[in-house]
Amino acid sequence: LASLPRPIYGFGASLMLATLGYHLGTDFSMLECILDDDPAKEGTSYENVPVKVRHCATFTPPPDASYLVTSLENLHPIVTRLQALAPRRILVPVLL
């Protein structure tokens, strides 16, 4: 994650985010925010993750930003959605 060009945004406010962070060895504090398509998640946060959730309709990231997929259960629709934002990099954390 440290090698991703900044700014870095997460995409997908997954219920399993803290568990993903545990297995990746991060608290996701390097993220500017986590973007999500659910308007009910605007301004929410996680107990063990010091990053706020922003709704995509209220926040537009800058062009050429990097993205970390933070909801692996919705991987395909998220990657499709991110491609429309013309990202610099998309990182999909896959644990093998």
Side-chain angles (χ1 to χ4, degrees):
L1 295 175
S3 65
L4 275 179
R6 296 191 184 278
I8 307 169
Y9 295 89
F11 201 103
S14 168
L15 294 174
M16 299 299 293
L17 185 63
T19 303
L20 178 63
Y22 170 80
H23 289 289
L24 293 175
T26 183
D27 66 357
F28 298 108
S29 59
M30 83 297 285
L31 300 178
E32 300 293 323
C33 68
I34 296 173
L35 299 168
D36 198 272
D37 286 327
D38 183 352
K41 293 182 179 177
E42 171 67 32
T44 61
S45 61
Y46 295 84
E47 188 172 326
N48 298 325
V49 179
V51 180
K52 294 280 186 195
V53 177
R54 302 290 310 268
H55 181 250
C56 297
T58 63
F59 178 77
T60 303
D64 266 355
S66 296
Y67 295 90
L68 172 67
V69 176
T70 51
S71 179
L72 297 179
E73 60 271 18
N74 295 305
L75 180 61
H76 186 268
I78 288 174
V79 170
T80 301
R81 176 92 160 76
L82 289 175
Q83 288 172 336
L85 296 175
R88 179 178 292 178
R89 302 265 194 288
I90 298 174
L91 179 63
V92 178
V94 178
L95 304 172
L96 299 176

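For the numbers below, each heavy atom of this structure counts, side chains included, while hydrogens, waters and symmetry mates do not. Being a predicted model, the structure only gives us computed values, none of them experimental.
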Same hydrophobic cluster for Leu20 and Val94, using side-chain heavy-atom links shorter than 4.5 Å among ILVMFWY?
yes

Nearest-0.5 Å distance, CG of residue Leu91 to CG of residue Leu24:
8.5 Å

Return the minimal non-hydrogen interatomic distance between Pro61 and Leu35, and the atom names on each side.
CG-CD1, 3.8 Å

What residue pairs, at least two apart or across chains, pass salt bridge (Lys or Arg N to Asp or Glu O under 4.0 Å) with a residue in residues 9-18?
none

Which heavy atom of Gly10 sits nearest to which heavy atom of Leu31, and what is that distance?
N-CD2, 3.8 Å

Any pair with a residue in residues 16-25 that passes salt bridge (Lys or Arg N to Asp or Glu O under 4.0 Å), sequence neighbours left out, goes on the list, sorted by first then second residue, please.
none

May I have all residue pairs that pass side chain to side chain donor-acceptor pair (under 3.5 Å) and include part of residues 36-46, sequence neighbours excluded?
Asp37-Arg81, Glu42-Arg54, Glu42-Thr58

Name all residues meeting the side chain to side chain contact (heavy atoms under 4.5 Å, CB included) criterion together with Pro7; count only those two or more places apart in sequence or in a different chain, and write none if there are none.
Tyr9, Glu32, Pro62, Ala65

Nearest 0.5 Å, please: how far is OG1 in Thr70 from CG in Leu75?
11.0 Å

Taking side chain to side chain contact (heavy atoms under 4.5 Å, CB included) as the definition, give me every residue that meets it alongside Ser71, ordered by chain and number, with sequence neighbours left out.
Ser14, Glu73, Asn74, Ile78

Any donor-acceptor pair under 3.5 Å from Arg88 side chain to Leu4 backbone
no

With sequence neighbours excluded, tell me which residues meet side chain to side chain contact (heavy atoms under 4.5 Å, CB included) with Ser29.
Asp27, Pro50

Are Phe11 and Met16 connected in the hydrophobic side-chain network, where two residues link if heavy atoms are under 4.5 Å apart?
no

Heavy atoms, side chains only, cut-off 4.5 Å: are Leu17 and Ile34 in contact?
yes

Report the residues that fulfil side chain to side chain contact (heavy atoms under 4.5 Å, CB included) with Ile90, sequence neighbours left out, ordered by chain and then residue number.
Val69, Leu82, Gln83, Pro87, Val92

Residue pair Ile8 / Pro5: nearest heavy atoms and the distance that separates them
CG1-O, 3.6 Å

Check ring-ring contact (aromatic ring centres under 6.0 Å, His included) between Tyr22 and all other residues, then give those that pass, not counting sequence neighbours.
none

